[in-house]
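All remarks here apply to the structure that follows.
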Amino acid sequence: MAGVTEYVIVGAALFALGLVGFLSRRNLIVMFLSTEIMFQGVLVNVVAVGRLHGGLEGQAFGLFLLVIAAVEAGLALGLIVLLFRRRGTLDADAWSAMRG
Amino acid sequence: MWDFLTSQFGFSIALAAFIMLGVILPSVAYCIYFERKISAWIQDRKGPNRVGPLGLLQPVADGAKFFLKEDFIPGHVDKPLFLAAPAIIFIVSLVGFAAIPWGGQWQIGDKLLEVQVARPDIGLLYIIGVASMAVYGVVVGGWASNNKFAFFGAIRATAQMISYEIPMGLCILVVVLTMGTLRLETITSLQAGGEYWIGFIPQWNVFLHPLAFVVLFITALAEANRMPFDLAEAEQELVGGYHVEYSALKFGMFFLAEYAHMITGSAFIAVLFLGGWHFPYLPWTQPEATGFFAVMCKMAVIGGKIVAMLFVMMWIRWTIPRFRFDQLMRLAWLRLIPMMLAMFVLAVLLLYFRLHRSALAPAGNLLILGATLWIAARSTAPITGRQLNMPEIRNEPTQTGAMPAEAV
Amino acid sequence: MIKDEDILNIEEPVLSAAERLYIPQILGGLKITIGHLAKSLTKSTVTIQYPEEKLEVRKEVYRGVHRLNRDENGRVACVACFMCSTACPADCIHIEAGDSPWDDREKYPIKFDLDELRCIFCGMCEEACPVDAIELTHEYDLVGRTREQMILDKEELLAIYDRTVQDKPRKNPRITGYAGTGNRPSAAPKTDGPEAS
Amino acid sequence: MSTATTYALYLVFALGGAGVYFMLPRTGRSRVLSGAVLASLAVFALLAVLAFGVIDPAHGSGYFYLFAVIALLGAGRVITHPKPTYSALYFVLVAVAVAALLVLQGAEFLAVALVIIYAGAILITYAFVIMLAQQSGSPIYDRQSREPFIAVFAGFVLMAAIAGRAGELPLAGETVDAALTAPAALAAQTESPANQQDDSAQEGADESNSLRMGVIIMVNYVVVVQIAGVLLLIAMIGAIALSRKKVPSDGPRAADVPLGEIGRKVKPY
């Protein structure tokens, strides 16, 4: 059984990569994919730290994280479909103006 | 070397190689032969009988044909994904075999080996997870073909596979609730052990929950894109599906993957509902028997169950016409899912009262089936009916028009 | 614009309870197919093993590959009158006529090519022929490796006659349906073909 | 984790940041190849640092390196690939690799749930939306990034900050392994109907991860499960309400057309 630190580091790297993607990409769907990557990093971290504390609470928490991710994905995709219908583009910058 | 082979790890590797190369690939090839034979018999024909005695070398000839055909890649496709899709679907259809318990335990010397490639805690979930990945081969193939019809085929197939995963999961949940474990080998041995009910019925789950068995069989057909759910590849009326742009060996891989899916699904159903390698009154297929001959017997028994189910799948294919897409979706969402939700509630209630292995289970199954049929017979939207909610495509009679009733 | 009285509304048939449930229908279908399967396994099927067994065609209606007949002296019976190539709707007969070396006719075909790939096997040529020189036999295994091989010349057509000399092609107006309908092509003279066997 | 290891990690992250910066889509001359080389170098250097400075050799596992490489490279490709379809498919790879990392940590149930829910359901819908919403060709917003330098800088500083402090966690050792090998007590302390059957063949199942997860979720956190279910229900209603918006169509509606003209004037789509 390997240790915890390396999993935390890998999780942090995944989280940061997701952050980079969210900040730098302009396609709405890729931005949401980036948040999902951040979720994966958090998941790895939660399970690793949960192991550190010697229980399965970390994994249970990870399961609830999955639920949140599913909820987020469903709503986000609904929103994206709606936005795409309104403007015909997936560009996030198309929605930067504060008027519908 | 012998020590390595008789350790569980080495034995698993050897078993994986044997099952994969010696059993699955040939039987996938011969599935096609038997499919053609059975279709011929049902249609009063003779079927393939030219290549070799009784046409038994036909799969070899088919394979050679796939190899020798021109491996054509259309110019407009997305090449990396186009090449990856057949590989994805083929690999995914084969890795599911790892968790199937083929033959209980095998005593070699003083070691007791499990005749199973991998024995994860979550063998059942593993198979579902792998099956849920199969949809990627379809989607990627359809999208990478850069062809409207291929993409529509992929969308149809994906919607179908995702929809039918829900009743499949509910069927499996019923089994899990009854058995109390996710390990496939434990599920098998639980069904194999114990007394016979009423003196002669083995404790197979199919006798506890026959309705779940039937629904799982139906969803397995849908997951493998078999008739009557093969809209993904309907050539006659929908100009094919996700593989219209594929040729030669790449098409062959899609083709073989369908049969590999059928075999996986059949093995899975055999383990969950038909007692796996267990056969009543045969002393070699009881859990206690661990000799070489017993293991061979057990493998033959589970193989026979798989073959029987494959036969039924082929028989159904040449009997029932294809569903229309709205009928397919209505069957899943309006019939199977409510029915299986009721089954799920039934299983929970039986488990709560500790009656989950009593005669109340099949009685409850019959009750639910009857209730579903009663509702279905009174439904305004029968599965066989015309597509609803499209009134504008019907020609309503006008005031001056002839009365249709008299005209007919 | 379709007139309203031309529109025929066909109502969807009312389904019986069994049909609405779908399951009894499926079981019935499965019973039928397994019956056929059992029948195929126990009794022989209707399939004919083609290259070994030949299909018996119905001689009174079947029109296969053509032949060029010989007369009683063994010469080609054709007089190169071009009736057949004129009558041919598919335009598949090519004749080159030459002065006949024999006394009883003026012309004979130097070349007689028949493109079997263009031919639609309508039988007009044999109806048109004034001397019954071209006829359609009952041979159906007409194959070739190239398109050129499927263009039969005079020698090949005569060879087919030699092969099928016992064969009596069917040219009965009762069956071809020309007699009595009043719209029989006038170009085709009445021929008294051999009666059907 | 020694100070030297920490600084080596910072160096690796700087390298990776440069790689990702070059790989991000841009309109000018493409520098993807050099960026990919830099980023791969950074990933392998990260694993080397982990192997020599962090991971206890006695507990190391080759699978960790394999799946960490797949996850990190896949994640890098998700955020840098100019085609969104490829991004989604690379994300499937990341999800599967993360599932493998979870299996390595003994979280089999969570790993399979991740594969079934994420890869099997969520990402398919993502792929659908991408494929359906894609215009012909590659639009400008896929070929150009927004503020790539600041984004990479922020992200990798965050990464360095977390990873630099990660060394203060206790290394894998007695705590962890003791916790993982003695979970049966946890399962035994609560009553579960399913595991009290008198079936003899079920003794082995008591140790399984899924059973212990079930006990924890369904006994200790049962209210949370209910809340999660309600959340999913709300999300489902919300998603349906959002995406079932009626789209006004341009042409005449089919019902307005006189009989006999249906299908001639009205396009079916």
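Hydrogens, waters and symmetry mates are skipped; everything else that's a heavy atom, side chains included, is used. Each chain gets a letter, A, B and so on, in the order its sequence line appears, and its residues count up from 1.
Annotation: B:Phe152, atom CZ; neighbour count of heavy atoms from other residues, nucleotides and ligands within 6.0 Å does not exceed 12. In B:Phe149, the CZ atom is not crowded: 12 or fewer heavy atoms of neighbouring residues, nucleotides or ligands sit closer than 6.0 Å.
Going from atom CG of B:Leu182 over to atom CG of D:Leu211 covers 9.0 Å, rounded to the nearest 0.5 Å.
Contacts between D:Leu89 and chain B at a heavy-atom distance below 4.5 Å involve the side chain alone, from C-beta outward. Only the side chain of D:Val92 comes within contact range of chain B, judged by heavy atoms closer than 4.5 Å. The contact between B:Leu125 and chain D is made by backbone and side chain atoms together, counting heavy-atom distances below 4.5 Å.
Contact count against chain B (heavy-atom pairs under 4.5 Å) is highest for D:Ile116 among D:Val103, D:Leu114, D:Ile116. Between chain D and the options B:Ile128, B:Val135, B:Ile155, the largest number of non-hydrogen pairs under 4.5 Å is found for B:Ile155.
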Candidate pair D:Val96 and B:Met133, rule side chain to side chain contact (heavy atoms under 4.5 Å, CB included), full reasoning: CA-CA 10 Å; D:Val96 173; B:Met133 299 296 286; 3.9 Å; yes
Working for side chain to side chain contact (heavy atoms under 4.5 Å, CB included), residues D:Val115 and B:Tyr126: CA-CA 9 Å; D:Val115 168; B:Tyr126 165 80; over 6 Å; no
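For the pair B:Asp78 and D:Lys83, the minimum side-chain heavy-atom distance is below 4.5 Å.
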